[in-house]
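Residue numbers start from 1 in every chain, and the chains themselves are labelled A, B, ... in the order their sequence lines are given, proteins ahead of strands. All of these numbers come straight from a predicted model, not from anything done at the bench.
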Amino acid sequence: MLRLVKTLQIQLQSALEKACPEAAKIAHASDTTLNPQLGPASKPEFGDFQVNGALPLAKLLKQSPRHIALAIVEQLQTNKDFSSLCQPPKIAGPGFINLTLTTKCLKEELRIQLKDQRLGVPLVDSAKPVQGNGSVVVDFSSPNIAKEMHVGHLRSTIIGDSLARVLEFRGYSVLRLNHVGDWGTQFGMLITHLKLVAPEALTKANAIDLGDLVHFYREAKKRFDEDIAFKTAARQEVIKLQSGDPLTIKAWKLLCDQSRKEFQQIYNQLDIRLTERGESFYNPYLKQVIDDLDSSKLLVNDDEAKCVFLENISGKDGKPLPMIIQKKDGGFNYATTDLAAIRYRFNPSPEGDGAHRLIYVTDAGQANHFAGVFQIAKRANWIPDYGRIEHVPFGLVQGEDGKKLKTRSGETIRLRDLLKEAVSRAESDLRLRLKEEGRNESESFIMKVSNTIGIAAVKYADLSQNRKTNYQFSFDRMLALQGNTAPYLLYALVRIAGITRKGGGDLDIAIENLDFNELKEWSLIRELLKFDEVILEVEEGLLPSRLCTYLFELSQVFNRFYDQIPVLKANEPQRSSRLALCRLTAQTLKMGLTLLGIPTLERM
RNA sequence: GGGGCUGUAGCUCAGCCGGAUAGAGCGACGGUUUCCUAAACCGUAGGUCGUGGGUUCGAGUCCCGCCAGCCCCGCCA
């Protein structure tokens with residue numbers, strides 16, 4: 001319905017200017033235009049759209065808002081194109097203008113959407129030209145080498161993937177970058193520790209597995225915090241790594257390979273595609289960062305460390321907060337790497353990615369860090385005029401007690417265990433239901449369905465509740481069959497698949513003879529037509545939860561339709577018309593879920 | 001001390017650029033099945049939108065103060 005809204009916007013604009021010439025003159029004088037304030041109706045009984053633009057003009061024109069609304073309506077009714085789209089407008093309340101689309105217009109929109117594989121969502125090329133090479137970087141997941149993926153990586157991975165999918169669907173060339181932690185102090189301490197306790201791990205592939213590595217990492221971290229000599233040795237090791245010492249590099253590569261294999265299993269299970277480009281990738285570009293900052297006079301030596309002092313951000317003492325770019329031991333830290341990454345990602349190919357938008361999906365705790373890094377990048381002129389750089393923050397995953405999610409023994413929950421539990425819970429729910437309903441299904445069916453539901457539930461729960469605030473994790477809630485959950489949405493699709501199986505097999509029906517006469521049909525049509533706008537909202541606001549809310553509402557509207565409106569038993573042309581609605585609902589739900597990274601089922 | 005985020009129904013959360021009587025879901029209570037999967041649908045109850053001011057024709061939404069919770073703040077990422 002995007003095109004339609006655009007058309008209405010233009011018609012309203014013109015009617016408003018004609019109805020209030022004095023106000024229009026004033027607006028033009030200050031180089032603005034009058035805003036009709038067109039928006040979706042706040043309630044179904046108000047129609048499809050509401051126009052609020054009359055209200056703010058009342059004071060200026062010293063007329064009642066209803067009077068102004070009337071003048072606008074009169075202008076609108078002289079426009080034949082408008083009258084073919086909307087029924088006669090109604091003035092309501094203090095001066096709102098309510099618009100209801102004509103059934104002819106709704107049917108035409110529906111027909112267009114039924115014919116469009118993209119369900120009305122425009123490709124970016126036809127929307128507006130993009131500068132740079134049109135690519136978008138989505139930086140997400142980013143686990144640390146030598147550590148297992150845990151709940152902390154869940155949100156970044158799932159949200160980042162979904163955003164990447166939406167942007168790809170819109171036609172951007174998306175770089176899904178896994179900025180893995182494969183560099184830095186942690187590495188120095190791990191290698192130093194392994195040299196002492198398990199040197200074979202540093203020279204031979206597969207000498208130890210990731211579980212052991214995690215164990216060693218914990219020991220190393222403990223020693224690092226307690227033992228000053230160890231700390232110094234670890235820092236030396238980092239310097240060796242950063243300066244390319246062959247033995248250290250070899251050990252480092254082995255550790256990375258080991259971790260990579262493990263990560264890949266999780267990504268396969270979640271159906272997530274990523275390009276690994278760890279922190280180490282930017283090693284050759286770090287020096288340039290220092291030089292650039294130095295030549296633009298941003299770099300300051302402070303207590304032997306090289307820093308940039310931030311503007312408008314002060315530290316404990318009230319003085320500007322420094323960001324350390326090079327430590328006094330000569331080592332670089334994550335701020336340096338992040339700056340090098342920004343520079344590289346905006347730089348044109350071949351010395352960079354030529355991106356026009358950078359998106360970072362990390363926890364909200366890093367908000368200050370990114371604010372600082374982005375500020376420095378701006379001041380150093382590394383962000384082109386058309387460039388956009390955004391931090392997409394998210395809150396902690398908490399347990400149902402409101403505290404940080406942990407195992408009973410108080411340890412961090414491994415991602416693989418969490419996914420396993422979701423699937424096994426889905427499986428026992430399913431087996432119970434099959435028994436209750438006396439259904440007989442094959443083991444492969446049970447495995448496929450429980451796997452799909454389990455993973456879908458975890459993903460959907462996270463995406464639908466996406467906000468900056470913390471997120472309360474609950475298996476019971478996410479696997480519930482009712483409410484705003486993945487199983488509820490999947491079930492709506494299964495119902496449609498049922499119709500297809502039982503007789504609507506060729507959903508490739510004629511769409512020229514659509515005939516609707518039920519309120520529940522029109523509600524479904526109106527809901528289906530909102531899809532394109534929702535996708536653009538997600539693209540702009542980077543909030544997958546908007547898409548989730550929409551899909552849930554669509555499922556609800558469909559279930560109401562399904563409950564009361566017979567499809568297969570209806571006479572023609574209703575039967576074909578309703579089948580068309582079912583087909584489009586299925587396509588929309590499927591497409592929406594795909595954009596969330598969630599696969600669908602025919603039966604469950 | 002400074003900064004960020006959050007505070008909406010018993011619980012979990014929506015609420016778009018400020019717009020009409022603040023919405024869902026869960027839970028509670030009650031109803032619906034000769035019919036395409038009832039894993040559904042319908043109804044009832046439940047609110048000082050943390051709090052006090054301000055701006056505005058109009059504030060859950062914007063501004064300021066206060067209270068509470070979480071997070072970040074120089075050589076970890």
Aromatic plane relationship, A:Phe187 with A:Trp252 - under 30° parallel, 30 to 60° tilted, over 60° perpendicular: perpendicular
Sugar-phosphate only, base, or nothing, as touched by A:Ala92 at under 4.0 Å among non-hydrogen atoms: base
Cationic N near anionic O, under 4.0 Å, A:Glu427 to A:Arg431: yes
Sugar-phosphate, base or nothing in reach of A:Gln37, heavy atoms under 4.0 Å: base
Minimum-distance nucleotide (side-chain atoms of A:Tyr334 versus B:rG74, B:rA77, B:rU6): B:rA77
Same-atom distance (P) from B:rG50 to B:rC13, integer angstrom: 15 Å
Neighbours of RNA chain B within residues 364-377 of chain A, by heavy-atom distance under 4.0 Å: A:Gly365, A:Asn368
Pairs meeting criterion side-chain hydrogen bond (donor to acceptor under 3.5 Å, both in side chains) with involvement of residues 545-558 of chain A, two or more places apart: A:Glu537-A:Arg546
A:Arg235 vs B:rC76: side-chain N/O to OP1/OP2 distance below 4.0 Å: yes
Under-3.5 Å donor-acceptor pair between A:Glu279 side chain and B:rA77 base: no
Side-chain donor-acceptor contact under 3.5 Å, A:His153 with A:Ser141: no
Side chain to side chain, A:Met478 and A:Phe473, heavy atoms closer than 4.5 Å: yes
Atom CG of A:Asn440: over 12 foreign heavy atoms under 6.0 Å: no
Set of salt bridge (charged side-chain N to carboxylate O under 4.0 Å, His left out) partners for A:Arg235, sequence neighbours left out: none
Touch class at under 4.0 angstrom, heavy-atom based, for A:Asn98 against every strand present: base
Touch class at under 4.0 angstrom, heavy-atom based, for A:Asn333 against every strand present: sugar-phosphate
Residue from A:Leu38, A:Asn98, A:Leu8 passing side chain to side chain contact (heavy atoms under 4.5 Å, CB included) with A:Val51: A:Leu38
A:Lys231 charged N/C atom sitting above A:Phe224 aromatic ring, 6.0 Å / 45°: yes
Sugar-phosphate only, base, or nothing, as touched by A:Gln326 at under 4.0 Å among non-hydrogen atoms: nothing
Might you list the N or O atoms of the protein lying below 3.5 Å from N or O atoms in nucleotides 54-57 of chain B, with each pair's distance?
from, atom 1, to, atom 2, distance (Å)
B:rC57, OP1, A:Lys59, NZ, 2.5
B:rC57, OP2, A:Lys59, NZ, 3.1

Pair pattern of RNA chain B in dot-bracket, where unpaired bases get dots and | marks partners in another strand, Watson-Crick or G-U under 3.5 angstrom: (((((((..((((.....[...)))).(((((.......))))).....(((((..]....))))))))))))....
Nucleotide nearest A:Phe552 (side chain, heavy atoms from C-beta), chosen from B:rA24, B:rC75, B:rC16: B:rA24
Below 4.0 Å: OP1/OP2 of B:rG23 and any side-chain N or O of A:Lys43: yes
Touch class at under 4.0 angstrom, heavy-atom based, for A:Asp302 against every strand present: base
Under 4.0 Å protein heavy-atom contacts per nucleotide of nucleotides 35-42 of chain B, with B for base, S for backbone only and - for none: SBBSBSSS
